[in-house]
Each structure stands twice: as C-alpha cells, then as structure tokens.
> 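Mind looking over this structure? Questions follow.
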Amino acid sequence: MLRLPPFTYLAPRTVDDAAKALASHGGAAMLVAGGTDLYPNMKRRQFEPSVLVGLLAIRELRGVRGGAREGVTLGSCTTLSAVAVHPEIAAHYPALATAAGLVSSPQLRNMGTIGGNVCVDTRCNYYNQSYEWRKAVGFCMKRDGAICLVAPRSPRCWAVSSSDTAPVLWSLGARVRLRSAAGERTIPVETLFRDDGIEYLAKRPDEILTDILLPPADGWRSAYLKLRRRGSFDFPVLGVAVAVQMEGDVVRDARIVVGAVASQPRPAPAAAAALVGGRLTSELIARVAELAAGPAKPLDNTDFTHPYRKKMTRVFVARALASLAGLAPAGEPAAEVA
Amino acid sequence: MASAVALGTPFRLVGRPLPRHDARDKVAAATAYAADWAMPGMLHAAVLRSPYPSARIVKLETAGAQRMPGVAVVLTAKDVPRNTLSTDVPGQTTAVGPLRATLYVLALERVRHQGEPVALVAAETLEQARAAAEAIDVEYEPVPGVFGPEAALAPGAPRVHEGGNVLAEWRIARGDLAAAFARAAVVVEGEYATQLVDAASLEPEAGVAWIDSDGVITIRVSTQVIEHFRDVAEALQVPQNRVRVIGTYLGGGFGGKEDVTVEVYLGLLALKTGRPVRMVWTRQESLLARAKRHPYRMRYRTGALATGEIVAQQIELLADAGAYAYLSALVLLYSTVTAAGPYRAPAVRVEARVAYTNNPPTSAMRGFGAMQTVFAYESQIDQIARALGLDPVEVRGVNALRRGDSLPVGQVLETHVALPELAARAWAALGPPTPPRAPHVRVGRGLACNFQPYGRIVWLHDWSSAWVGFEMDGSLVVRCGVPDVGGGQASSLGQIAAEVLGVDFDRVSLHISDSALTPLAGTTTASRQLYMSGNAVLKAARELRAQILSVAASLLGADPTALDLADGDVVTRDGRTLPLPTVLSQCARVGVPRSHLAVYHAPAGEPVDLATGSGKVFPDYTFGAHAAEVEVDTETGAVRVLKYAAAHDVGRAINPQSVEGQIQGGAVQGLGYGLMEEVVVEEGVNLTTSFASYLVPSAADVPDVDPIVVESGEGLGPFGARGIGEPPIGPPAAAVANAIADATGARVTRLPLTAERVAAALGLLRT
Ligand SMILES: Cc1cc2nc3c(=O)[nH]c(=O)nc-3n(C[C@H](O)[C@H](O)[C@H](O)COP(=O)(O)OP(=O)(O)OC[C@H]3O[C@@H](n4cnc5c(N)ncnc54)[C@H](O)[C@@H]3O)c2cc1C
Ligand code: SF4
C-alpha cells in the first residue's frame with residue numbers, strides 16, 4: 001500500500017482558529033475536510049504539506065440551515081451522505097441531492113464533504129498516478145514537471161474538473177462564503193472556478209470555504225445526469241446539470257452547466273437561452289441539446305474518447321430536460337454507463 | 001446419464017454445503033494473510049523497477065543508497081548467485097525462437113518491460129527502504145522496442161530477445177479444409193480481439209522470509225505453488241532441501257501467483273542479511289508489472305451446412321507474450337486445443353503463435369488460454385445460427401461433442417458431455433423476457449458454451465500426495481501441500497476424508513501448503529486440486545479406513561466388510577458400536593499404523609504432435625453453458641446485464657457451496673473481463689496502475705448469477721468430480737456479446753464491450 005508522507009495535523013474547533021493556523025503556517029499548510037481527495041493525492045506525492053488544518057472538528061461548518069422559501073445554507077463540512085438524503089434538498093434542489101448521492105461510493109460519501117467536493121482537485125490520466133509512475137514517465141507541469149504530456153506544446157494544464165456537485169451548484173445559482181484571517185467574502189460559485197488545470201480555484205489558499213448558499217427554490221426544477229463506467233466509485237467523465245424555472249408550462253429562466261469536460265464546469269448559455277420563453281417539447285429539447293454539446297471540448301485525458309463524450313453531452317442534456325418536462329420514463333434519475 | 005459412481009450412494013458429508021472451516025476467520029479478519037506476518041527484527045523490502053519498457057542499463061550505482069539511514073542491504077543482478085534462469089519452451093524447436101527461454105531474477109544490462117525489477121533494498125522501515133530504492137543511481141539508454149505482436153513479427157522488428165520474437169507456435173491440421181468449405185451453406189468470418197487484463201486479486205503479492213533456527217531459508221508467502229522452493233534454491237544456489245516455502249491462505253490468486261513473485265527476492269534478502277524480511281507489493285506495482293492475461297487477435301472462418309452442422313473451421317491465433325516467456329507457450333497450447341470450441345468439425349486448421357514484445361509479461365490467468373478463444377468461437381456459432389435462422393440452443397445441440405468423439409487434436413473424449421442439457425437449462429433459467437423499460441432501451445439474450453481442461457497436460461506426469469491420520473482421541477488430521485487460494489481447496493479435502501472415515505467435519509484438522517511438512521500436492525492451478533489432491537486424500541483415507549477396520553474386525557470378531565465408520569465409532573451391521581479410540585489403542589498395540597500416506601498419479605501420456613492429431617493432451621474437460629439477458633441503451637451504448645445463469649457439469653459437487661461460489665465468482669470475473677477490465681498500455685507504458693483506472697466490477701455492476709450445478713458423476717476426481725475453478729470465467733464475455741447482437745443487431749468483436757464500442761457498433765458515433 002502507498003503511505004502518507006509525514007505531517008502535523010491540527011484540529012481547530014472554530015473557523016477563526018483554523019484561519020489563524022492557516023495564516024501562521026503560510027504555504028506549508030493545507031486544509032483538509034474528509035480527506036477523501038487529499039489523502040490519496042498525498043500518498044501519490046501530489047501534495048506534501050507539512051501541516052494539515054483539519055476542519056471536521058469545527059461544529060459551525062456542519063449542517064444544513066434554512067428552507068426552500070428563503071434559501072438553504074449548507075455548512076461546507078456537511079457530508080455528501082447528509083446532503084444526498086436531506087429532505088429539503090431532495091424536494092427542492094433535487095439535482096444537488098442526486099449529484100451528492102452519485103459521488104464515489106457510500107463509504108467515501110460518509111467521509112467526504114460538500115466543501116471538499118467543490119474544491120476537489122482536477123484530474124488527468126497522466127496526473128492521477130503514483131509518484132514512481134509519474135517519475136518514470138516524466139513529470140508534467142501540474143506537479144514536479146514543466147510540460148503538459150497531453151498537449152506538449154500547451155502553455156497550460158488541461159486537467160479536468162471532476163466534481164459532481166460543482167456544475168449543479170452553478171446551475172442552481174449558488175454562492176459560497178469564504179473566510180480567512182483577513183476577512184470574509186461571499187461570491188457566486190461560478191467565480192470560484194478558473195479555467196486552468198493547476199490553479200483551478202479563484203480563491204487564496206488561506207481562504208476557508210465555510211458555507212454554500214442556495215437561493216430560494218422559487219419555481220426552479222433541476223436534474224443532474226452523470227456518465228461513468230460503473231455503478232459506483234467512478235468520477236464523472238461527463239456531468240450534466242440543468243435547472244429551469246417554470247411559469248406555467250413556459251420556461252422563464254434556465255441554466256445548463258456541463259461538468260468534467262474542461263478545467264472548470266462549463267456553462268452552455270446559448271442553449272439555456274434557447275429554452276427561455278419556450279415550452280419543453282421534444283423538438284425544443286433536441287435543439288437545445290444540440291446547442292449544449294457545442295461548447296463541450298473534452299480532451300482525451302480522462303476516460304472515454306472525446307467524440308464519444310461530446311455525443312453523450314447531447315444525449316444527456318436531452319434526457320435531463322426530458323425528465324424535467326415529465327417526458328422521460330420514470331425510474332431513471334441518473335444515467336450511468338457501464 | 002451414465003455414471004461411474006452410483007448416484008444413489010448415500011453420502012454423509014459429500015454433497016452437503018458445509019460452511020468452510022476457514023470462512024469464519026476470514027469474516028472476522030482473523031486469518032493471518034502473508035502481509036500480516038511480522039517477526040522480531042524484521043526488515044522491510046522494496047523493489048526498484050525500470051521506468052522504461054525497453055532500455056539498456058548503462059549505470060547502476062548503489063553505494064549512495066547503501067549508506068542511507070536504516071538500509072541493511074542493496075542488491076542488484078550481480079549479487080544474485082544465479083541470476084539467469086532458463087526454462088524449456090515446451091514442444092518447440094529452435095526453428096521457432098529460442099528452445100529455452102531466459103528469465104532474470106533482476107535485470108542485467110537490459111530492461112525489456114516497464115516495471116521490470118532492477119534492484120532490491122531491505123531496510124529497518126518501509127519508508128527507508130523506499131527512499132533508498134529511489135536513491136539508487138541508475139542510468140538508462142532507451143532502445144527501440146516493439147509494442148504489439150503484429151509489430152513484433154514484422155520484418156526488421158527490434159528483437160526483444162536474441163533468437164527472434166516468435167516465442168512459440170502450434171498448429172492443428174485435420175481434414176480437407178477446402179472440400180469442407182465447398183460443402184458449406186454458410187460461411188462466417190470474424191476477427192476478434194481480446195485485451196490485456198490483470199488477475200486483480202484483493203491480496204497483493206506478499207511474504208516474509210527468515211532463516212530458521214535449523215538454518216533453513218523459510219519463506220511464508222502468498223503463492224499458488226509452494227514447489228517454487230526449488231526455484232528459490234536454484235537462484236540462491238543452495239540445496240533444495242535448505243529452502244522451505246510455507247503457503248498462506250490466499251486473498252485470491254487467479255493465476256497471478258502461479259509464477260514466482262516475491263519468494264526469490266525474499267530468500268535473497270534473508271540470506272544476505274540473516275534477518276527476517278517482509279516484502280509486500282503495492283497495488284500500483286502489482287498492476288504495473290506482474291504477469292497478466294494474454295491479449296489475443298483471433299481470425300476465424302467457419303463453414304456450416306444448412307442444418308447448422310459445422311463442417312470447417314479455419315483459425316489463426318496471435319497472442320502477446322510481453323517481455324518474458326513465463327507460461328506463454330503452454331497458454332497458447334490450451335488456446336490451440338480449444339480453438340474450435342466444444343463442437344464437432346470434420347475439418348479444422350489452427351495456426352497459433354505467441355510473440356515477445358516490450359509490453360508487460362503475460363502468463364497464467366484463470367482460463368489459461370482456453371478462455372480467450374470462447375469469445376471467438378461462440379461469436380461465430382451465434383452468427384451461424386442467425387444466418388440460418390436457428391435457435392441458439394438448437395445450433396449448439398446439433399454441433400455438441402459427444403462421448404467417443406475426438407477433438408481436432410485427436411484426443412478422444414472418454415466421459416459424458418452434458419453440453420446440450422447445460423445449454424437448455426441455462427437458457428431456460430432466464431425465465432420470461434424482461435420488457436424494455438424505456439423506448440431507447442433494447443433487451444436481448446445470448447448464450448455461450450465452453451470447455452476447459454482440468455488437470456495438467458498428460459505428458460507432465462502429474463501427481464499429488466496426502467497424509468491422513470487419526471489421533472488417539474479419534475480426531476483426524478489431514479496433511480496435504482495444497483495451497484488454498486480461497487476456493488475452498490483445503491476444506492473440500494477435509495470433507496472427503498471425514499466422509500470416508502466417518503467423523504464429523506469439525507473433528508478434522510487441516511495442515512496445508514508447507515513444502516517441508518506437508519506431502520507435496522502440486523500447484524493450485526489448472527483446475528486440478530480437487531481432482532488431484534482430492535484423489536490423493538480419498539486414496540489415503542480409504543487405505544486408512546481399511547487399516548482401522550481390519551483391527552476393529554479382529555476386536556469384534558467380525559468381517560471387516562461388514563463394518564462401517566460412522567459418527568466417530570466403528571459400527572456393525574447388527575447395530576453394535578465400538579468407540580474409535582478403543583480401536584486406535586489396539587492399532588498402537590498391534591503395530592498397525594493409524595495414518596496413511598498416498599500418492600495419486602494422474603493418467604500420463606506422451607507428448608503429441610498436434611498437427612497430425614495424434615492423441616491425448618489433457619486428462620479431461622469441464623463443460624459449461626451461460627445465458628445472459630442484457631439491456632442496451634441505444635443512445636449511449638451502455639450495457640447492463642439483467643439476468644445471468646451459468647450451468648456446468650461438475651461431475652460431483654463435493655461441497656455445493658464452494659462449487660456455486662466458483663461458478664458465481666468466475667461468472668462475475670468473466671463479466672468484468674467482458675464489460676470493463678483492460679490494462680491500457682501505450683508504447684509499453686501502462687496507464688492503468690491503480691483501481692481508479694483499472695476498473696473491476698463493483699457490486700452495483702453485476703446481476704445475481706444463478707448457478708446451475710449438473711452432476712453427471714463422470715469426472716476423474718473423487719466421487720466423479722470435475723474441476724470447476726477455471727471453467728466459469730470462459731463464457732460471460734461471449735454470452736454478453738451475443739446478447740447485445742440479439743438486442744440490437746450490432747456485433748462487437750473487441751473486448752471489453754464498453755459503452756463507447758457498443759455505441760460505435762450501433763453507428764452512433766458517425767458524424
Ligand atoms: C475512489 C474515489 C472516488 C471518487 N469519486 C468521486 C466522484 O465520483 N465524484 C466526485 O466529485 N468526487 C469523487 N471523489 C473525490 C472526493 O471523494 C470527493 O470529491 C469528496 O467530496 C471530497 O471531499 P473531502 O471532504 O473528502 O475533501 P478533502 O480531501 O478533505 O479536500 C479536497 C480538497 O479541497 C480542499 N478543501 C476541503 N475542504 C475545504 C474547505 N472547507 N475550504 C477550502 N478548501 C477545502 C482541500 O484542501 C483539498 O485540496 C472520489 C475519491 C475517491 C478516492
Ligand atoms: S493536462 Fe497536461 S499538465 Fe495537466 S495534468 Fe494532464 S499532463 Fe499534466
């Protein structure tokens with residue numbers, strides 16, 4: 001078995017203490033919540049922090065507050081299991097419950113947190129490998145090296161955003177609260193992400209994601225579909241989040257966000273716009289699905305080839321919309337591919 | 001069905017699904033697997049492996065690593081008393097590559113595959129050992145390699161070994177092929193590709209070695225073959241009786257622990273340091289470098305009459321041996337002999353080759369060459385049925401081999417062939433069809449049959465031995481060198497001994513898998529242990545029974561044939577009982593042994609010339625038929641197996657629970673192979689070195705497997721049992737491929753049957 005490198009573990013009880021600990025150790029420290037992403041990465045020597053600031057002992061970061069009427073606030077350390085079964089979320093933000101419930105396996109969902117899922121590292125076939133393997137093949141710029149092995153002439157890293165909940169939160173119009181020793185700010189979740197495989201988060205390392213704020217449900221319906229090989233464990237090779245706000249049977253507003261096709265979740269604004277003012281008929285859905293597949297430009301650095309994933313984007317957007325329109329056959333909340 | 005043993009015989013224990021003696025400990029995590037062992041003063045070992053698939057070692061400097069903290073020893077090829085090991089490539093001449101294949105304990109001057117071991121380190125802690133391995137100063141000079149068997153056979157291809165890239169070649173030529181094709185009403189052609197896969201046992205390669213107080217190099221290791229003590233002795237250049245291998249209960253082997261893994265390294269390190277040493281490969285190492293299942297390219301041309309009768313089979317097989325020979329020549333032999341399937345065919349041509357490449361080495365894995373061919377021959381027969389409008393069960397019935405038929409290689413089948421019954425029962429077990437749950441979903445069904453040899457090739461003169469003895473209190477001891485890989489190998493032996501000797505199963509103590517203290521039983525491979533060691537135990541138990549009963553007869557003044565052993569007593573026909581301990585004391589007094597050592601020799605034979613079809617290759621075969629119902633998503637290509645039934649003629653189910661376990665486990669492993677497992681290697685570089693990328697099925701991906709156990713009583717094993725370890729892995733991939741074709745009309749000829757491949761076959765990816 002691979003082993004963790006040595007480190008000091010701090011377990012502050014308040015966000016303030018955590019922020020202070022982070023500030024005092026500078027770049028040597030990292031945050032850890034459930035550790036289901038970070039620890040395996042540390043075993044592969046992708047991160048070697050000398051100090052870990054653990055967040056799980058901080059009470060204020062756990063739990064779900066509020067309701068669909070005024071909006072829901074999720075503490076960042078709420079486990080994915082808790083999110084998946086929370087009645088208010090399941091009823092009014094079903095895409096989020098679905099996405100949380102489709103992350104990896106039951107054991108990992110019991111440990112893994114929603115905050116950790118939003119901040120989860122980007123992935124690539126040449127990066128998600130042991131240290132020895134990466135050393136053997138040649139390090140890439142995401143860690144220890146200078147070039148990109150997927151696109152050797154590229155100045156940037158194309159590692160893929162692989163969070164299940166990130167595209168959903170974006171499609172729901174969520175905001176996130178960030179706190180550091182220097183202060184606090186609340187920003188739309190889409191501004192948390194950057195289109196870069198290495199610097200994929202637009203937050204400072206000393207900022208702690210404390211809360212995720214969902215707006216009032218207000219007539220929004222949502223769905224999430226995930227493409228993966230197996231019925232468990234696997235990261236998404238494609239995640240499609242759609243949210244539509246209905247007024248009678250006419251779409252008043254819509255968002256479509258596609259996950260696992262780029263270094264950040266990728267919105268499909270033209271496709272979403274084409275929905276607005278229309279009825280969710282099969283014809284409209286087909287047209288919108290075609291538009292949504294346009295911006296997806298997956299690289300061949302995760303599972304399945306990009307032409308297939310692009311094709312599937314169309315199928316999945318159509319299916320997600322059909323399920324919101326009540327056109328989809330029952331009993332198919334999440335498409336999975338074996 | 002005819003039977004060798006009267007099926008009416010009332011058994012006490014045989015045929016009962018007794019819980020295995022080792023089950024409780026495993027569930028309670030009390031089993032001491034190889035990696036769980038620790039000893040005072042134990043060192044930890046690490047292996048330095050080649051980063052390159054093909055390179056020369058131009059510098060190998062260990063002095064720096066040697067001086068690192070905690071390091072006890074650093075070893076390279078020059079420290080190995082005998083680093084170059086040669087093995088015969090069976091049946092081959094110098095015309096076909098090297099007659100003897102060469103293996104190196106540690107790489108010498110040249111590395112031929114990524115992950116090839118170059119140096120060993122033992123240190124006080126695992127971290128120190130790994131740090132020192134990394135600090136070894138190696139310089140490589142990459143040299144051109146070959147990365148596929150076709151490329152390896154192309155003119156001018158770089159040579160992996162001296163003597164050329166063809167490692168082995170087998171041919172079968174029976175009947176007049178051209179004339180047979182001329183008679184055919186339908187000819188089906190197909191090219192099939194199977195992939196490189198890993199045994200992926202939960203337990204990695206692991207062991208601990210120490211020099212025991214008697215000076216014997218003792219290695220406690222997870223292995224399917226304790227006889228590798230001889231290989232250790234050869235590499236270390238010590239007498240064979242100075243090496244002892246103690247086999248542990250395995251957390252899975254599947255052929256991956258048939259070749260030597262850690263034991264030579266451990267022996268070396270213990271010998272050089274004089275201290276106990278532990279080596280456990282990481283999952284990454286194991287996936288990277290240990291021997292895997294051969295990928296095959298198979299070209300088939302099959303001709304059949306309008307009745308569905310197959311008249312001609314023209315077959316070309318090409319397999320990838322990777323960088324070293326291991327068991328490739330034998331694996332290919334299994335493929336050659338089984339290539340035409342369990343079907344009659346008057347004219348058959350098989351040309352099979354296996355080539356060296358700079359890919360990871362391939363060797364034994366459950367099914368051993370007889371399983372890759374199933375995908376091809378069952379896809380072919382399915383297409384014949386479709387072309388002729390025949391039912392899948394019917395077409396197999398028309399063609400099924402029967403007792404007395406001879407295989408293309410000339411071997412005459414001497415036992416019952418239950419194929420038509422198996423096919424019919426598996427097919428019927430699917431029950432009423434499942435309606436598609438959505439408009440974009442289609443449901444279809446597929447059938448696939450197979451046959452798998454059990455027992456070793458007859459010219460290897462296989463044997464097994466076992467010792468069975470009573471203690472004075474009437475409890476029973478069985479000693480047998482059988483490695484238990486998790487299939488219940490040991491438990492079934494206990495059940496057989498208890499049956500014959502009339503004691504309860506929990507009165508039996510089983511001592512297994514120790515090359516010094518248990519009679520050697522041969523390898524737990526080739527579906528042979530129940531057959532071979534079952535017969536050895538049966539023989540020993542029967543002899544012991546005769547010894548005990550003769551003494552009891554004299555005490556009772558009765559005829560020994562009128563006595564029985566039951567519930568720990570000797571009983572007479574008229575209901576008198578004599579406690580076993582009384583008889584055993586009498587044995588001691590009169591000098592009759594209370595134990596017996598038996599050796600069972602399998603029927604042996606001479607090597608055959610395959611091409612002229614001259615005779616017997618394997619002792620016997622196990623036949624099977626699997627049926628699958630699948631749904632195919634016609635928009636994504638996703639395949640889900642809805643129902644699955646697997647029927648095998650196991651001859652006799654000694655322990656039905658273990659038999660069903662083998663059938664279910666084999667079917668699930670076969671479904672993983674069929675649907676998702678693949679070691680992806682690009683230019684010799686393995687991209688799938690963790691379970692995040694090497695995908696094995698999870699519980700969410702497999703259906704319930706309905707095991708159908710047919711007992712013809714016709715096997716060569718104890719009480720008419722046949723081997724069932726390997727056979728169930730053969731049919732699943734073909735059954736699913738046939739079901740996909742049934743559902744959609746699209747035939748996928750390349751494994752695994754991923755959603756993307758199915759989508760391509762459905763024409764979804766055309767732009
Ligand atoms: C086998 C396996 C399968 C997986 N499958 C999936 C999958 O299908 N889908 C998926 O989305 N993920 C998957 N994951 C990744 C991971 O389990 C989840 O993303 C999980 O939600 C991460 O949460 P965590 O609390 O464990 O994060 P951690 O590992 O604790 O942290 C992850 C990262 O986020 C940072 N971080 C954590 N919390 C905060 C915070 N409050 N503020 C700021 N930074 C923070 C950490 O510093 C770290 O960089 C899988 C992981 C494994 C091992
Ligand atoms: S995209 Fe390129 S730089 Fe980024 S992780 Fe993959 S190989 Fe490395």
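So you know, we letter chains A, B, ... as the sequences are listed, proteins then strands, and number each from 1. No hydrogens, no waters, no symmetry mates; every other heavy atom, side chains included, goes into these values.
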> Inspect the contact between Glu756(B) and Arg309(A) and indicate whether a charged nitrogen and a carboxylate oxygen are less than 4.0 angstrom apart.
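Answer for the salt bridge query: no.
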> Is the number of heavy atoms from other residues, nucleotides or ligands within 6.0 Å of CG (Asp704(B)) greater than 12?
no
> Could you walk me through whether Lys43(A) and Thr282(B) pass the side chain to side chain contact (heavy atoms under 4.5 Å, CB included) test, one step at a time?
CA-CA 12 Å; Lys43(A) 289 181 180 180; Thr282(B) 63; over 6 Å; no
> In the structure I gave you, are the side-chain heavy atoms of Leu675(B) and Arg230(A) within less than 4.5 Å of one another anywhere?
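They are not in side-chain contact.
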> Would a 4.5 Å heavy-atom cut-off, applied to side chains only, mark Asp633(B) and Val315(A) as touching?
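Asp633(B) vs Val315(A): side chains apart.
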> Out of Glu285(B), Arg49(B), Glu134(B), Gln114(B), which one racks up the most heavy-atom pairs below 4.5 Å with chain A?
Glu134(B)
> Just by modelled atom types, is the Ala759(B) backbone N or O under 3.5 Å from a matching donor or acceptor in the Tyr308(A) side chain?
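It does not hold such a pair.
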> Do the non-hydrogen side-chain atoms of Gln129(A) and Gln284(B) ever get within less than 4.5 Å of each other?
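Heavy-atom side-chain distance check fails, nothing below 4.5 Å.
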> Distance-only, no hydrogens or angles: does the Asp701(B) side chain make a donor-acceptor pair with backbone N or O of Gly231(A) under 3.5 Å?
yes
> Surrounding CH2 of Trp158(A) (heavy atoms of other residues, nucleotides or ligands, distance under 6.0 Å), is the total greater than 12?
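At most 12 heavy atoms, drawn from other residues, nucleotides or ligands, come within 6.0 Å of this atom.
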> Can you name the residues of residues 683-693 of chain B that have some heavy atom under 4.5 Å away from a heavy atom in chain A?
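Result: Val685(B), Asn686(B), Leu687(B), Thr689(B), Phe691(B), Ala692(B).
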> Can we say Arg3(A) and Glu127(B) salt-bridge, meaning some charged N sits less than 4.0 Å from an Asp/Glu carboxylate O?
yes
> Under 4.5 Å from any heavy atom of chain B, what part of Tyr131(A) do you find: side chain, backbone, both or neither?
side chain
> So, Glu132(A) and Arg130(B), do they make that salt bridge, N to O below 4.0 Å?
no
> Under the criterion side chain to side chain contact (heavy atoms under 4.5 Å, CB included), I'd like the reasoning laid out for Leu695(B) against Asp303(A): C-alpha separation, chi angles, the key distance, then a yes or no.
CA-CA 11 Å; Leu695(B) 304 182; Asp303(A) 202 2; 4.2 Å; yes
> What part of Arg123(A) lies closer than 4.5 angstrom to a heavy atom of chain B: side chain, backbone, both or neither?
side chain
> Above 12 or not: heavy atoms from other molecules or residues under 6.0 Å from CG of Leu4(A)?
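Counting neighbours around CG of Leu4(A), more than 12 heavy atoms of other residues, nucleotides or ligands fall under 6.0 Å, so yes.
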> Glu635(B) versus chain A, heavy atoms under 4.5 Å apart: side chain, backbone, both or neither?
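Looking at Glu635(B), backbone and side chain both touch chain A.
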> Grab the two heavy atoms, one from Lys311(A) and one from Leu764(B), that are nearest each other, plus how far apart they are.
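Scanning both residues, the minimum pair turns out to be CE-O, 2.8 Å.
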> Is the count of non-hydrogen atoms from other residues, nucleotides or ligands lying under 6.0 Å from Phe233(A) atom CZ greater than 12?
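No.
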